[in-house]
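In what follows, chains are A, B, ... by sequence order, proteins preceding strands, each numbered from 1.
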Amino acid sequence: MVPDRAGFEAFYQAHLGRIVRACGLVLLDRREAEDVAAEAFARLWSHWGQIHGEDHAGGYVFKTAMRLCSKRRGRAGREVLGAVPDRVAPPAHDVGPSGAVTDALRALPLRQRQSVALRDWAGFETSEVARILGTKESTVRVHLARGRASLREMLSVEERER
Amino acid sequence: MIDVRDEALGALLDGAAAGIESAPVDRLPEVLRRGTHHRTTRFTAIAVGVAVFVGAVSWAGLLLPAEDAVIPANVADWRTFASLQENGWTIQVPPPWRIQELPSCPNAPERIGVIVTNTDFEFLNPRGESPQCGDRFVFQGFPSDGVAFAFMPVGIRFGSIFRQPDTVFPLSPDQLTRTDSLSGGAAESFLGIWREEVNLAFVRRWVGPQATGSDIAALDRMLSSLRLKAEPEWIATETSKRGLRLQMNHPPSFEVTTYKQVLVEDAPDPILRLASASVGSRRCGSRLWWELGVGFVSLGRGSVVVVVSDATQAWSADYDRRPERFGPSSVMRRDRFRCQGRSFELLEFGFEESGRQILVEVATTQRVLDGTKSSVIWRILDSIRIAEA
């Protein structure tokens, strides 16, 4: 069966920006975020014939993108182990003008950053975040609680229920 | 623990995300080329694997995306309606859907309501006016492909007869009770929302006969996004008896009784009892656990009692492995009985876990509606964990 290229292109155009921004909040590097997003969409295209519907595609590409983000962060961590620089160089590609927020995000462990980005920025339900990250919902809630607490303290955000 | 999206943090993250290139470099040709290469590589690997080992097929090639759960692609665009802080509840609404605010009732002026639909239909009461507290809606002319959801505040406080356990969130369509009120039109279902023995509101769901699957999915996701302020967290209770460790979760208002003594050797051995209402010391018939002092204090309360027993040493207990999810199809036996002049329904469940035969008995008064059963009882049963102590 020939995959529907027009359908894939429409989905790609509609959702590329959001995937890049989600990866950007996790990786805090624009170029890496674009690389990850491109690879996630490439993998989606390779399975496009088995995708049924926009929501299925959305779940697949988010899940793939987050896994790729985790791999990238893991590789970056191993690269700096054993090397203690005299001065920490600023990242080559900063996320954007919101320095305080990106500094706060950078201080979070990866899983907390992913959980907060997917729940509070992207708006996924906790159960959906768990499926995207391939973990338990209870684990996501722990990451959310800790990540939010840290961000609120660093950014002086008042905790209030909306 | 029920989680609510932190919109303040979300707004800050949105500011950070906006700093990322809003129009990222379009790498579509590269994406298509790499994706095609992935597909070719995968099928080549499968072909080689099959050629060398019959039946030993590449795992990577069979990692079908169809195994991944369906997750909505566009939920970041959904709007928030109402506020936990100001109105005591909140919900997420698909962006193009029509929102019609419903007025609050005099007993709770902050608790507004809403009716949301994927159509342009305006809901009126039978008098042709905008609906007021407690009003019904006229569905004449509602499109056949329409869906709708309503959160309707309750103005009248019913007496003790209709009290129910706290509603469990997030909601799902199977908790709602179907009605037959709209013959030939949209299918209607409803659920009462209860908190601390007060009926706060009703939610209603309507699905037109020609509604699309995607609209129904969006409707049900909206239903599941409904949150109430300060929902009580469930408690995990753990106990051990004769080498068996039992853990289960329950609403904080439920009473817990554990049984350390073995009363009859070859009968189910009660380990723990949960009760949604204070139990008295009434005795009914010859059922073992009734003799332990189970009873219902108040007339007509929506009461639920759950007793978990170890039936391993009992008469020919030979249960199947525990089901993945408990529900109506898991019921092993149903019964009705009377105790002290009141009627009860009894549901029995049996399953094997960790080498033990576990019997769970659930008794409810007839006032516990189907929606409450599915929301509270199934969740309690699903939380049961059995292990060797």
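- A:Val116 touches chain B through backbone and side chain together, each having a heavy atom under 4.5 Å away.
- Of the residues A:Trp45, A:Tyr12, A:Phe41, the one that meets the side-chain contact (heavy atoms from CB on, under 4.5 Å) test with B:Leu32 is A:Trp45.
- Residue A:Leu44 does not touch chain B at all, counting heavy-atom pairs closer than 4.5 Å.
- At most 12 heavy atoms of other shown residues, nucleotides or ligands fall within 6.0 angstrom of atom CZ in A:Arg146.
- Under the 4.5 Å side-chain criterion, counting only non-hydrogen atoms from C-beta, A:Glu125 is in contact with B:Ser225.
- Looking at A:Ile19, there are no atoms closer than 4.5 Å to chain B (heavy atoms on both sides), in backbone or side chain.
- For residues 10-20 of chain B, no pair satisfies salt bridge (Lys or Arg N to Asp or Glu O under 4.0 Å), with sequence neighbours left out.
- The two atoms that bring A:Leu25 and B:Ala16 nearest to each other are CD2-CB, 4.0 Å, heavy atoms only.
- The shortest distance between side-chain heavy atoms of B:His38 and A:Glu39 falls below 4.5 Å.
- How far CZ of A:Arg119 is from CG of B:Leu13: 13.0 Å, rounded to the nearest 0.5 Å.
- In this structure a side-chain-to-backbone donor-acceptor pair under 3.5 Å is present from A:Asp120 to B:Asp6.
- The two residues B:Gly35 and A:Ser46 come nearest to each other via the heavy atoms O-CB, 3.1 Å.
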Report the C-alpha separation of B:Arg5 and A:Trp121 in whole Å, then their side-chain angles, then the decisive distance to 0.1 Å, and conclude whether the side-chain contact (heavy atoms from CB on, under 4.5 Å) test is met. CA-CA 9 Å; B:Arg5 185 181 181 184; A:Trp121 177 74; 5.9 Å; no
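- Between B:Leu28 and A:Leu16, every side-chain heavy-atom pair lies at or beyond the 4.5 Å cut-off.
- B:Arg34 has its side chain out of reach of A:Arg43: every pair of non-hydrogen atoms, C-beta onward, lies at least 4.5 Å apart.
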